[in-house]
Amino acid sequence: MVKEITRDIKQLDHAKRHLTASITTLNHLHMLVGGVDTLESLTRRRQYADVANLLQGVVNVLEHFNKYMAIPQIRQLADKVKKIQGELGVQILSDFEEAFANASKPIGNQKQLTEACLVVNVLEPKVKKDLLKWFVKLQLSEYLHLFQENQDIAWLDKIDRRYAWIKRALVEYEEKYGRMFPAEWEVSERICVEFCNITRDELSKLMQKRSTEIEVKLLLFSIQRTTNFETLITKRFSGTTLLPPGEATSPVDVNVLEETKEDEDAGVDNPFEEGQIEMKTAMKAQQSPFQGIISGCFESHLHIYIQSQDQNLSELIERFVADFKTNGPPRVESEQGGAIFPSCADLFVYYKKCMVQCSQLSTGTPLLSLTSTFQKYLRIYAMRLLSGTLPKAVVNTPSVSSLNISTLLKEGLKDSSTEVTRFTSKEQFLVCSILCTAEYCLETTQQLEGKLREKINTDLRNKVDLTNEVDLFHNVIANCIHLLVQDLEALCEPALTAMNKVNWSVVEAVGDQSSYVTAVTSHIKQVLPNIRDNLASARKYFTQFCIKFVNSFIPQFVNHLYRCKPISTVGAEQLLLDTHSLKTVLLDLPSIGSQVARKAPASFTKIVVKGMTKAEMILKVVMSPADPIQAFVDNYLKLLDDTDTSNFQKVLEMKGLKRSDQNMMLELFKTRLPSQTTTGRGQHGATAVREETSRIKRLEKLIKKKL
């Protein structure tokens, strides 16, 4: 019943809706027909301002008839609109060509052309593209004629004339035609971009043909002028015509002609300074599409620049070597320790200049090639200026024929056949200077590697590796420390040899420290302060020197101790006092002769205490009674904890025991090795050990009292 009641109402609603649609369509059709007729008339009269407004309306109205295109009359109207659009495109392009046909005459219908550009905005994009292509080509026709490859001004030495021409051309365009084209067309930028593309292609062809004429100065001049121009247009234009639709950069509001040369002449003083690196990184992050648009053509020729830097560095190294031979090592001008070679600072300053310059030219393969050149001359510098100038330890070895049998028997072959001449104070200073220089080179090389990785392209970053060069400077430092240790050891060697010549079996009383200890102490006090002062700027390596010296000297002292045989109990007491005196001197090694009291590093103290305690324990074993033999062997294992049979043999020889007694003790020693137990020790042996311990304690009190 409800449907029957509302049936008539629904029919009325449908009728009203259809009637409204019919009226609207008829109105649109009337507008379309009238608009098409008006467009034809306006087009013939070239009234482009009215055409632009009407054409957009006609196109919008025509969209309503897309579903009626099957009707012949509607199709005819749509074709007529399309035809008018095509005629407008051809007519406007013809008007522009006619207006610019005579360059010497001013354009009389500029207002009409400006209105025509509004029509072009409504037409298909191809019309705008063709018009701009024709206009840009027209503006650059003079440039193509002036700078043909057979012209003298086309070569690299006059490259700045190219950029002067485009600056004038852009100024002229802005003055004459700047208001003719809509601002969003970016006609100035399009002219500049096409100029850049033409210039890049022309320069590439020209350099390929005349590659033999390119010198490094000419190449750098051309690159500098080109990059300056790219920087200029980067600030002037946004680069929207080079970017995909939807992407754009913000241009800097800088007038083309008012650009100064401050940016051209400004350079980075130190590429290792953090502030400047951050600035460079920020600039790189905001890189404009104009950067490299022309200068990219020079990249394939940058091997000329790399070869030139290789030659310059070779000459620089030769000059460093010649200066060192003439002037010798640097002199100390302050209290900062050993002087660093000025040549190494000069080398890295030149590296800095090359790195900054090359990174401005290219951050690709050429910068990687320059890195290889840097590595090459770091190695050469380390070999020729550092390792090559280290003083050699002079060893005098007399011929065997000049030695008589009595000498060999008295002094021993080693003591009589080798004489080491120690370094002079100048040579010692030179070694320290080389060490400080190597440390500076090591640290600066690590910084150089980091900066190169920051500047080079991401895909090449892992190929920048200066690890081998860093290791080379580490080796130079280790060699310097070894020479200093060897020199001090050679100075102390005669005193240790004198210790072996003393007949320790006839010493009757314990006195002050022996003369050989005084000699060793004197040598150490003479050498250590100088080395510490020379290495004031490299304290950690002075500590390494001290550690390496005690690591070498203490085993050497123990070996000489083993050669002192036979030794009486009193003689062993005197040697124990001497050993304690040496231990005290060695513990104070890092601060000997220093006005500033510094606590020795714990690692150093541990080495000295461990090594010299072993020497003291050896002497305490020598002082202990050999009878009973079980107690002696147990005491040896307890004090020294050494299972080496040869060392036990040496201790027995120090006591001066008979060969038969030695053999018995050796057999017993071998049986004790697996368990190292003291069970089975007799009451008499225990009493002897307690008596010996009491005697050693009395001796230690005597040592403390004398010290």
Side-chain angles (χ1 to χ4, degrees), residues 337-338 382 386-387 389-395 418 420-425 427-443 470-497 517 519-561 579 582-594 598-615:
L386 300 182
S387 296
T389 55
L390 280 172
K392 305 296 188 295
V394 181
V395 181
T418 302
V420 179
T421 304
R422 66 176 298 267
F423 293 148
T424 63
S425 58
E427 290 174 332
Q428 190 182 84
F429 174 74
L430 174 60
V431 174
C432 294
S433 293
I434 291 174
L435 190 153
C436 293
T437 303
E439 181 194 27
Y440 173 85
C441 291
L442 187 152
E443 294 175 352
V470 171
D471 291 342
L472 185 58
F473 290 119
H474 271 301
N475 292 338
V476 172
I477 292 172
N479 195 16
C480 290
I481 294 175
H482 174 72
L483 287 176
L484 293 174
V485 170
Q486 188 182 55
D487 181 54
L488 184 55
E489 283 182 347
L491 199 61
C492 297
E493 178 66 24
L496 296 180
T497 303
V517 176
V520 170
T521 304
S522 174
H523 294 325
I524 290 176
K525 289 183 177 180
Q526 177 187 356
V527 173
L528 257 293
N530 290 334
I531 294 179
R532 182 177 55 249
D533 293 342
N534 291 336
L535 296 181
S537 61
R539 287 292 304 178
K540 62 180 179 180
Y541 293 114
F542 174 70
T543 302
Q544 286 187 22
F545 162 76
C546 293
I547 291 175
K548 286 184 180 294
F549 174 71
V550 295
N551 268 327
S552 177
F553 175 79
I554 293 176
Q556 193 177 8
F557 172 73
V558 171
N559 288 334
H560 278 278
L561 204 60
T579 301
L582 273 178
K583 179 180 178 181
T584 304
V585 172
L586 293 178
L587 285 173
D588 195 38
L589 198 66
S591 57
I592 284 181
S594 175
R598 284 187 178 143
K599 186 178 179 181
S603 58
F604 171 81
T605 303
K606 183 178 179 180
I607 293 171
V608 174
V609 170
K610 182 179 179 180
M612 296 305 289
T613 300
K614 178 181 178 181

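Residue numbers count from 1 along this sequence.
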> Between Val485 and Lys548, which heavy-atom pair has the shortest distance, and what is it?
CG2-CB, 4.0 Å
> Does Lys583 have any salt bridge (Lys or Arg N to Asp or Glu O under 4.0 Å) partners at least two apart in sequence or in another chain, and if so, which?
Glu616
> Report yes if some heavy atom in the side chain of Gln428 is under 4.5 Å from a heavy atom in the side chain of Val527; otherwise report no.
yes
> Backbone N or O of Pro590 within a donor-acceptor pair of the Arg532 side chain at under 3.5 Å?
yes
> Atom CG of Asp471 and atom CG of Leu442: how far apart are they, to the nearest 0.5 Å?
8.5 Å
> Might you point out which heavy atoms bring Val476 and Ala438 nearest each other, and give the distance in Å?
CG1-CB, 3.8 Å
> Strictly by salt bridge (charged side-chain N to carboxylate O under 4.0 Å, His left out), give each pair with a member in residues 549-559 just once, sequence neighbours left out.
none
> Using the test side chain to side chain contact (heavy atoms under 4.5 Å, CB included), find all partners of Ser522 that sit at least two apart in sequence or belong to another chain.
none
> For Leu483 versus Pro391, what's the shortest heavy-atom pair and its separation?
CD1-O, 3.9 Å
> Rounded to the nearest 0.5 Å, how far apart are OG1 of Thr579 and NZ of Lys614?
13.0 Å
> Just to verify, what does Asn559 make a side chain to side chain contact (heavy atoms under 4.5 Å, CB included) with, not counting sequence neighbours?
Tyr562
> Could you tell me which residues satisfy side chain to side chain contact (heavy atoms under 4.5 Å, CB included) with Lys610, sequence neighbours excluded, listed by chain and number?
none
> Please answer whether the main-chain N or O of Phe423 pairs with a side-chain N or O of Asp487 as donor and acceptor at a distance below 3.5 Å.
yes
> Applying side chain to side chain contact (heavy atoms under 4.5 Å, CB included), name anything that partners Glu439, two or more places apart in sequence or on another chain.
Glu443, Ile477, Ala538, Lys540, Tyr541
> Hey, could you give me the CD1/CZ distance between Ile481 and Phe545, rounded to the nearest 0.5 Å?
9.0 Å
> For a side chain to side chain donor-acceptor pair (under 3.5 Å) check, start with the C-alpha distance between Glu493 and His560, then their side-chain angles and the critical distance, and finish with the verdict.
CA-CA 10 Å; Glu493 178 66 24; His560 278 278; 3.3 Å; yes
> In Å and rounded to the nearest 0.5 Å, what is the CG to CD1 distance from Leu587 to Ile607?
11.5 Å
> Who passes side chain to side chain donor-acceptor pair (under 3.5 Å) against Asn479, sequence neighbours left out?
none
> Might you point out which heavy atoms bring Leu491 and His523 nearest each other, and give the distance in Å?
O-CD2, 3.2 Å
> Of all the heavy-atom pairs spanning Val550 and Pro555, show the shortest one and how long it is.
O-CD, 3.9 Å
> Among all residues two or more places apart in sequence or in another chain, which pass the ring pair (Phe, Tyr, Trp, His ring centres under 6.0 Å) test with Phe549?
Phe553
> Within the structure provided, determine whether Cys436 and Tyr440 are in side-chain contact (heavy-atom separation under 4.5 Å).
no
> Provide the closest heavy-atom pair for Phe557 versus Ala615 in the form atom of the first, atom of the second, distance.
CE2-CB, 3.9 Å
> Rounded to the nearest 0.5 Å, what separates atom CZ in Phe473 from atom SG in Cys441?
4.5 Å
> List for me each residue that meets side chain to side chain donor-acceptor pair (under 3.5 Å) alongside Thr543, sequence neighbours excluded, and say none if there are none.
none
> What is the distance from atom CG of Leu589 to atom CG of Leu528, rounded to the nearest 0.5 Å?
4.0 Å
> Hey, are the side chains of Asn534 and Leu435 touching, using non-hydrogen atoms and a 4.5 Å cut-off?
no
> Do Cys480 and Leu386 touch side chain to side chain, with heavy atoms closer than 4.5 Å?
no
